[in-house]
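Each chain gets a letter, A, B and so on, in the order the sequences are listed, and its residues count up from 1.
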Protein chains: 2
Amino acid sequence: MAADVRVLEDLKAAILRGEFAPRQRLVEAELCERFDASRFSVRAALQALEADGLVERQRNIGARIREISLEEAVEISEVRQVVEGLIARRAAERATDAEAEELAAIGRRMHDAVAAGEVGEYSELNARLHASLRDIARHEKANGIIAHLHGQMVRHQFALSRVPGRSKVSVWQHQAIIDAVVARDGDAAETAMRAHIASVIEALRAIP
Amino acid sequence: MAADVRVLEDLKAAILRGEFAPRQRLVEAELCERFDASRFSVRAALQALEADGLVERQRNIGARIREISLEEAVEISEVRQVVEGLIARRAAERATDAEAEELAAIGRRMHDAVAAGEVGEYSELNARLHASLRDIARHEKANGIIAHLHGQMVRHQFALSRVPGRSKVSVWQHQAIIDAVVARDGDAAETAMRAHIASVIEALRAIP
DNA sequence: ATCGACAATATTGTCGACAATACCGCGCGC
DNA sequence: GCGCGCGGTATTGTCGACAATATTGTCGAT
């Protein structure tokens, strides 16, 4: 049961895993075969993914993977900058002692990962830090918007994580965020988060 | 042609016009009759509106108008606060002289409307000011998110505009935003916008 | 009178078939 | 040779019918 939900989740996961190239056409019949589903389910999934901003559809022509231009990626990051700023502020205002310690632990492991040159581990910790902040902030709307924006950024995000030397810079920005939250300083947390994402935007512009 | 798009637009407009009560059920057959469309089109529209956050659907049970609680309205406004802050900043950075003058004109008409006690006119000018700022900022992603959030707020927004005496307070907040944009001061524009929406949030909390 | 099971009804979920449209290659006229 | 129109094919759009499920109403036992 709930075949359409399954198709939606699988297809979205596949897109987020980068299994489709930007502007690649998504033919309904092909998706039907791949996911062993009816066109009905596939169609519903495509409509949902269109609303999600992951695919674009043209009437009577079909669906394709939406290409996110550099300018658009920058715009997305600018919105992320202020919304994650809000999240950082709320996290600083609401963190329990246990949650603060959890963030501090992530920070220590980040330093270790950078020292050991473990890029994959650092990237994982990075995602974990931002996720923890979202959990602590308990701001459903903000979290939802970040999830929405993040989905459109996967490709650029991936490119970013491969820029050599970035972790050495960003580890201190992350530390500043953690320190502000641990100190329960909302202003400082928002400022630190915005500075961090400002640097992400700079790096983004430097890639192509 | 494009029957589903027509149904989507009409239904959305009807919801935004407040023709349906929160938690009111939306039976597919009834909508078919009302909009003279097939279930196919109605269904597509409902799915789109679900993604839009205007209706909620439960499997095998149906669709209903989503009720936005006060807490949720506050969360929405908090996100609006930072995103409109971004928009105000960008507007200050990008406004042409003609655009700045347009904003100033709106500000003058606002003062007039308040002095004359014309609530409807003021409310209209308020919407126009925010819309102009969005146009000037030219930030598609931010504008899209604001549109998305605004749709969910219509009911509360309406309640807000009926609070007596609010216009006398907010007109000066609006003036501060306009002044900052005219002065091309991004920091001041963001600060003024955030202060303005902070006061909206306060008023929101005071309503029930 | 109250509760539970069961039937009747209302509503949504799913599908396959057909229609409409766009894309591509071919042939015809110039 | 080149442009233009014309079909053929691939793909999506739309619908009506039926299945699955939830809700409501009814009846009987206690």
- Task: Please work out whether the ring planes of B/H130 and B/H174 are parallel, tilted or perpendicular, with thresholds of 30° and 60°.
- Result: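 The arrangement is perpendicular - the two ring planes meet at more than 60°.
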How close or far is atom [atom2] of [N] from atom [atom1] of [X], stated in whole angstroms?
| X | N | atom1 | atom2 | value |
| --- | --- | --- | --- | --- |
| A/E50 | D/dG13 | CD | P | 10 Å |
| A/R64 | C/dA22 | CZ | C1' | 13 Å |
| A/I61 | C/dC23 | CD1 | P | 4 Å |
| B/L31 | C/dT11 | CG | C1' | 12 Å |
| A/F40 | C/dT14 | CZ | P | 6 Å |
| A/F35 | C/dC15 | CZ | P | 16 Å |
| B/E33 | C/dT11 | CD | P | 12 Å |
| B/L8 | D/dT14 | CG | C1' | 17 Å |

- Message: Tell me the closest heavy-atom pair linking A/S199 and A/R166, and the distance in Å.
- Response: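 Between these two residues, the closest heavy atoms are OG-NH1, 3.4 Å.
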- Query: Minimum heavy-atom separation for B/Q24 to B/E19, with atom names?
  - Reply: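 What the structure gives for the nearest pair is OE1-O, 4.5 Å.
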Of the listed nucleotides [options], the one nearest the side chain of [X]:
| X | options | result |
| --- | --- | --- |
| A/E28 | D/dG13, D/dT11, D/dC18 | D/dG13 |
| B/R59 | C/dT14, D/dT14, D/dT11 | C/dT14 |
| A/R43 | D/dT14, C/dG13, D/dG13 | D/dG13 |

Determine: side-chain N/O of [X] to OP1/OP2 of [N], distance under 4.0 Å, yes or no.
| X | N | result |
| --- | --- | --- |
| B/R57 | C/dG13 | yes |
| A/S41 | C/dC15 | yes |
| B/S38 | D/dC15 | yes |

- Scan A/L46 against the nucleic acid and name what it touches under 4.0 Å (heavy atoms): base, sugar-phosphate only, or nothing.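 Nothing, no heavy atom under 4.0 Å.
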- Item | Check: B/A95 main-chain N/O paired with B/R184 side-chain donor or acceptor under 3.5 Å |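 Yes, because the side chain of B/R184 sits within donor-acceptor range (under 3.5 Å) of the backbone of B/A95.
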- Item | Ionic contact status for B/R89 with A/E78, cut-off 4.0 Å |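 Salt bridge between A/E78 and B/R89, a charged N being under 4.0 Å from a carboxylate O: no.
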